[in-house]
Amino acid sequence: MQAFEYANPTTVSEAVKALAVTGGSAAVLAGGTDLLSLMKDGVETPKRVVNLKSIKELQGISYTAGKGLRLGALATLDELMQNAKVKQEYLSLVQAAEGVRSPQIHSVGTVGGDLCQRPRCWYYRGGRGLLAMKDGKSMVMEGDNRYHAIFRSSNGPAFFVNPSSFAPALIALGAKVKVTGAKGSREIPVAEFFRIPATEGERENVLAHDEIVTEILVPPAAQVRNATYEVRQKEALDWPLAAAAVALQMDGKNVKSARIVLGHVAPVPWPVPDAEKLLPGKAVTASLAEQVGEAAVKGAMPLSRNSYKIRLARVAVKRAILRAAGMEV
Amino acid sequence: MPEYKWPDANDRDLIGKRISRLDGPVKVTGTAKYAFDINRPGMLFTRTVYCPHAHARITKLDTSEAAKMPGVKAVRIIQNVGTEIQWALDEIVAIAATSEDAAEDAVRAVKVEYEVLPHFVNGEAGEKAPQAKAAQQNVVGDPNGAKAAAAVTSKGYYGIPTISHCCMEAHGQVCEWTDEQHLEAWCTTQSVAGLPAQFAEGTGIPAANVRTHCEYMGGGFGSKFSVDRWGVECAKLAKDAKAPVKWMLEREPELTIAGDRPSAYAEIEVGASQDGTITYWSSKSWGSGGPGGSGSPPMPYVIQPANRRHQHISVPTHMASARAWRAPNHPQACFLTMSAIDDLAAALKMDPLDFFMKNAAITQRAAVYQEELQKGAELIEWKKKWRPRGQNGPGPVKRGLGVSMHTWGGLGHNSNCEVSIFPDGSVEAKLASQDLGTGTRTVIAIVLAETLGLPLNAVKVSIGDSSFPPSGASGGSTTVGGVSASTRRAAQLALEQLLVKVAPDLGVPPEQLEAEKGTIRVKGNPTKSMPWKQAAARVGMTPLTAKGANPGAGKLIDQGVGGIQMAEVSVDTETGIVKMEKMVAVQDCGLIIDLKTAESQCYGALIMGICYALTEEKIIDPVTGRMLNANMEFYKLAGIGDIGELVVHMMTGPEYDKRGVIGLGEPPVISPGAAISNAVANAIGVRVPHLPLTPDRVLAALEKGGMS
Ligand SMILES: Cc1cc2nc3c(=O)[nH]c(=O)nc-3n(C[C@H](O)[C@H](O)[C@H](O)COP(=O)(O)OP(=O)(O)OC[C@H]3O[C@@H](n4cnc5c(N)ncnc54)[C@H](O)[C@@H]3O)c2cc1C
C-alpha cells in the first residue's frame, strides 16, 4: 500500500473540508472492506484517506411514521439486518444484505459503502481502468466477460456491472440518498445517483469529489410487498450472477403499481419499466411472473461469454415477483 | 532382531483408533509457527518486480533509483535485459528492505521495459495449437474389431480445466546466514530433507552447511517440493544484505505461478456388449501445463477393456509450469474415463451402479471395488433413490446420483527415524519429515507409543528439521507408510536394547519380555513387571538410541488402493446451479494407524473435489494472457454451506490390516469430479462436458440437449 495522509474528522463539515482541499486525490473510508483491498492492490492510490467512522451523525437507523426509514451512511449491514422495523417492512433490503454471505463484512461493511463500492470487474481490479481500454477498444469485448454486463447504454464502452445489491431494492422502494459537500446538501433519488461513465476518468456515481453520502431515506413500505431475489452459485462468499428487486403496491388481490430493478447485469442498477407495465391490474401468478421476467430481458445485448446471464436475470425477476407476492419460488 | 510386524489386532491400544491430531490445539490457538510467522532479529522483507506480460523480452532494466530508496538493503536482478519471459508474473527483480512497504515503494521505482511478444494460453486448442506434441498411440487388442462388434457405443467430448493449488499458506521462506558459509532457512515445504541440497546448488555452499526447518505448514498439495527460484534468491538477498530475509509470495503470484494442475480434454468413444461389459475404448486426450506441456493422464482409467487405444497430445502454453497436484494426472484421467463410461451406461439404459459393479471385473482389484460399491450404495441409498436419466422429477429442481472409482499407489518412501529412550523415561522420535496437515506427527507418535507400550502423551515427536535423520519428500501419499515403518523399526530396536538391560531384573531372557501398559513385563505373566520409568533408568547416564529405516514393500507397508465415491446433487434447471446434497467416500488404505486423521483426509479431499467439480478454475485472459481470478474472491472455493453432507467409510478388518500401511493423501481427491459430473448428468438428463459445473455450462448443456 502506498503512503497516505490520514484525516479523522468528527463532523460532516470537517469531513467535507478535508476532502475539498485535495482536488480529488482523497478517498473516503467507511468500513474499509472495499477501499482497503483497492489500496493494497494499488488500484486506488489516494494521497489522503478521510475516515468517516468517527462522525456520530452518520450512524444509526431510525424510523419515523409517515416519513419512513433513515439509514445513516455508516449503518452496518448487520445493524440493518437486525433492525426490527426493517425486518418487518423492508424485506428486500434484508434479503440483499443476507446475500453478502460473510459475517465479517456484515459487521464492518456499511450501507453507504455498499452503494459507493467500486465495480468488481476483473480488468478494473487488475489495474486496467474502469473501462479497460486498450488501443481504443474495451478489453472486455474480446476478453473473458462471463460476469460482465448484458445491458448497456449508448453511453460508451462500459461493461462492468454495478456491484451493489442494495441499490436495486432501494430504487424499487423509491429511496433517496442525501449527500453533503462544500456547497451544501442535496437529496438524489437512488436511481439518479448512479451513472454510466463515458470516459475513463469518470466515476460511476454523481458524487463530486468533496461530497459524501450522509444518509439514505426510504419511504414507508408497510403497504408495499417487496423482495429481492439473487442468483448466486455459492452459499459462501460470492457475488450474484444476476439479481432483481421488486416492489409491488397492492390493491386487494391485484397489483396497483410495480417497480422492478435488476442488479449485477449492467453498469448501473437497471430498471425495467416496460416489464413493470405488465403487472398493474392483475393478480400475481406464476405465468404472469414468467412473462414479466421475459419482458425484463428484452433488449439485452450479451457479450461473447455471458448470454446465460439473460436467462438468470429472467429467472431472478420471476422469482422476486413470486417472493414479493408471498408465493413459493 | 525383532520381526518386521505390526501388533495383532487385539494387542493394539492406539493403532486404528480415532485419535485427534496432536497439533490441533497449537494450530487453532495460533501458537504453531509457520514459515510466515518466523521473524528473526533485523529481518528484511522482500517485494518483487514481476513481468506483467505472458510472453515478452526484457529490453531495458534500471534498478538504480530503487537501490537508493529509504530502507532498501539489497536488490537482485533475477532476469536481465535480453531474457525472453515465458509466463506472466515471472520474477524479474527482488528487493529486500526494512519493511514490506519500503520494498514495495522500491519495486515501483524499478524501470523495466519489454518487447511484448504474442502469447498462447488456450490449452483446449489441442492439435491446432502451435507446438502441440503428440505422443505415440497406445493400442491393446483390436479396437476396430471391438467397435464393430459392440452392441452399443457412446461418443463424447469432456474437459477439465487448469486449476491452482491455492495453498492457504503461500510459498516462501525466511533465510539467515549464521556465517559466510552456513545457511539456515525456515521454509514451507513438502521436503525438509531435500531442500539443503537444492539451496546448496543455488548458493554454492556445501549441502552439509544448510539447515532447513518446517515445523508446520499450511498446505502444499504437490506444489512445494522445490526450493524454487524465490528460495535461492531469498538466500542470496540475505547474503547481500547481511541480514535475515523473508520472502513469502503475495496471493496473486501464489495463484498464478506457484500452482498449476494441468488441464485435460478428450474425445472418447466406448462400447459394450449387451450385458454391459466394456469391450471397446478409444480416446484422444490433450492438455496443457505451461511451457513444457502436460503430463499424460493414464487412460482408460482403472478399467481395462480388452480392446483399447489412447493417444495424448501435450500443448505448451505461456503459463507457469505445472506442478504435481494431489494425485498427478489421476483426477483428470478419472473424470474423463468415468464420465465417458457413465454415458455408455446411459446409452445401455443400465443403472450405473450395476454397470460399475459389472466392470469392476476388468480392474485390478475387482473384489475390493465390488465390496466398496456395495457399501457406498447402502450409505447413499442408491437403489431407493436412483432414477434413470431425465426422470428425476417434474419441477425445475432435479436430483441425481453419480458414482466413480479410482486407484493409487501410496508406497511408503525412504525414511529413517531415530528413537531415544532417556534415563528419566522420556522418549523421542526424530525424523526430517514434515506434516502437511495430514497428521504425520500424530501418526508417528501413535506408532512410537504403541510399540513402547506407552500412552501418547509420554512420547515426543520431533520433525521438520533437516538435521534429523532423513525422510522422503511428502508426495505421492508416501509419507504415512515411510514414517510409520521407520518409526516402528527404530522403536522396536530401541526396545530390544532396553529389554536386554532389564531382563536380569525380571529374571527371564529378553525375548520373553514385552512393553505394555506403561510397564516392561513378562509375556503371559503380567504381574511380573517393572514400571517404564524404572526400566528406563537402566539405560545409564546417556540416552539409549536406535535407528530404524523403512524396509520397503511387503514388510510393514504395501501399495495399491481402490476407492469409490458417490454423489447426490440437486440441480436447479432454471438457473443451472448445482447443489451438493451428499457425498459418500469408501476407501481402503491397508492398516490404518489413526482412523480419525484418515477420515479427515477423505473429508478434506471431498471438499477439495467439490471445489474443482463445481467452482474452481484458473481463468486466463485471452487478451492479456494474465490470470483474471488470482485472488480468493474470484478463485471460487466452496464454503461450509456448499458441501452438503459428507460420509466417509474406511475399509478395515483383517484382510486390509494384513497388507500393512498404505498412503491415503491422494486417492480420495481423484473421484469427486467424475462422481459429481455423473450425478448432474443423471439429474438433468444430459452431460455437462466441462468442469467446473458452473451455471453457464449447465444451462448451455441443457439448451444443447433440448432440455431447457
Ligand atoms: C467477497 C465479497 C463479496 C461481496 N458480496 C456482495 C454482494 O453480494 N452484494 C453487495 O452489495 N456487496 C457485496 N460485497 C461488498 C460489501 O457489501 C462492501 O464491501 C461493503 O458494503 C462496503 O462497505 P464499507 O463500509 O466497508 O466500504 P468502504 O470500503 O469503506 O468504501 C467503499 C467505497 O465507497 C466509498 N464510500 C464509503 N462510504 C462512503 C460515503 N458515506 N460517502 C461517499 N463514499 C463512500 C469509499 O470511498 C470507497 O470507494 C462483497 C464484498 C466482498 C469482499
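Note on naming: letters A, B, ... go to the chains in the order of the sequence lines (proteins, then strands), and numbering restarts at 1 for each one. Nothing here was measured: the structure is a model prediction, and the numbers come from that model.
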Trainee: Pick whichever of B:Leu637, B:Ile640, B:Val578 has the most heavy-atom pairs under 4.5 Å with chain A.
Mentor: B:Leu637

Trainee: Any chance you could lay out the salt bridge (Lys or Arg N to Asp or Glu O under 4.0 Å) test for A:Arg48 and A:Glu5, step after step, and finish with the verdict?
Mentor: CA-CA 4 Å; A:Arg48 170 182 286 189; A:Glu5 283 173 17; 2.8 Å; yes

Trainee: What residues of residues 319-329 of chain A sit under 4.5 Å from chain B when only non-hydrogen atoms are counted?
Mentor: A:Arg319

Trainee: Shorter than 4.5 Å, heavy atoms on both sides: which option in B:Val623, B:Ile577, B:Asp642 has the most such pairs with chain A?
Mentor: B:Asp642

Trainee: Taking B:Arg47 first and then B:Glu100, would you say they form a salt bridge - that is, a charged N and a carboxylate O separated by under 4.0 Å?
Mentor: yes

Trainee: Just by distance, do the side chain of A:Glu200 and the backbone of A:Leu130 share a donor-acceptor pair under 3.5 Å?
Mentor: yes

Trainee: For chain B, find its close neighbours in residues 291-317 of chain A: heavy-atom separation under 4.5 Å, sorted by number, or none.
Mentor: A:Arg305, A:Tyr308, A:Arg311, A:Leu312, A:Val315

Trainee: Quick check on the interface: out of A:Glu142, A:Arg128, A:Arg125, who has the most heavy-atom pairs with chain B under 4.5 Å?
Mentor: A:Arg128

Trainee: Go through the atoms of B:Thr624 and report whether side chain, backbone, both or neither lie under 4.5 Å from a heavy atom of chain A.
Mentor: side chain

Trainee: Could you tell me which portion of B:Arg251 (side chain, backbone, both or neither) has an atom closer than 4.5 angstrom to a non-hydrogen atom of chain A?
Mentor: neither

Trainee: Is a side-chain N or O of A:His148 found less than 3.5 angstrom from the main chain of A:Ala158, in a donor-acceptor match?
Mentor: no

Trainee: Heavy-atom pairs under 4.5 Å with chain A - which of B:Pro622, B:Gly576, B:Ala638 has more of them than the others?
Mentor: B:Pro622

Trainee: Who passes side chain to side chain contact (heavy atoms under 4.5 Å, CB included) against B:Arg108, sequence neighbours left out?
Mentor: A:Gln2, B:Glu104, B:Asp105

Trainee: Which residues satisfy the side chain to side chain contact (heavy atoms under 4.5 Å, CB included) test with B:Ile619, sequence neighbours excluded?
Mentor: A:Trp122, A:Asp144, A:Arg146, B:Glu617, B:Leu628, B:Asn629

Trainee: Report the option among A:Lys134, A:Arg101, A:Glu235, A:Arg232 that has the most heavy-atom pairs separated by less than 4.5 Å from atoms of chain B.
Mentor: A:Glu235

Trainee: I'd like to know if the side chain of B:Lys398 and the backbone of B:Asp572 have a donor-acceptor N/O pair within less than 3.5 Å.
Mentor: no

Trainee: Before we go on, tell me: are the rings of B:His53 and B:Tyr114 under 6.0 Å apart, centre to centre?
Mentor: yes

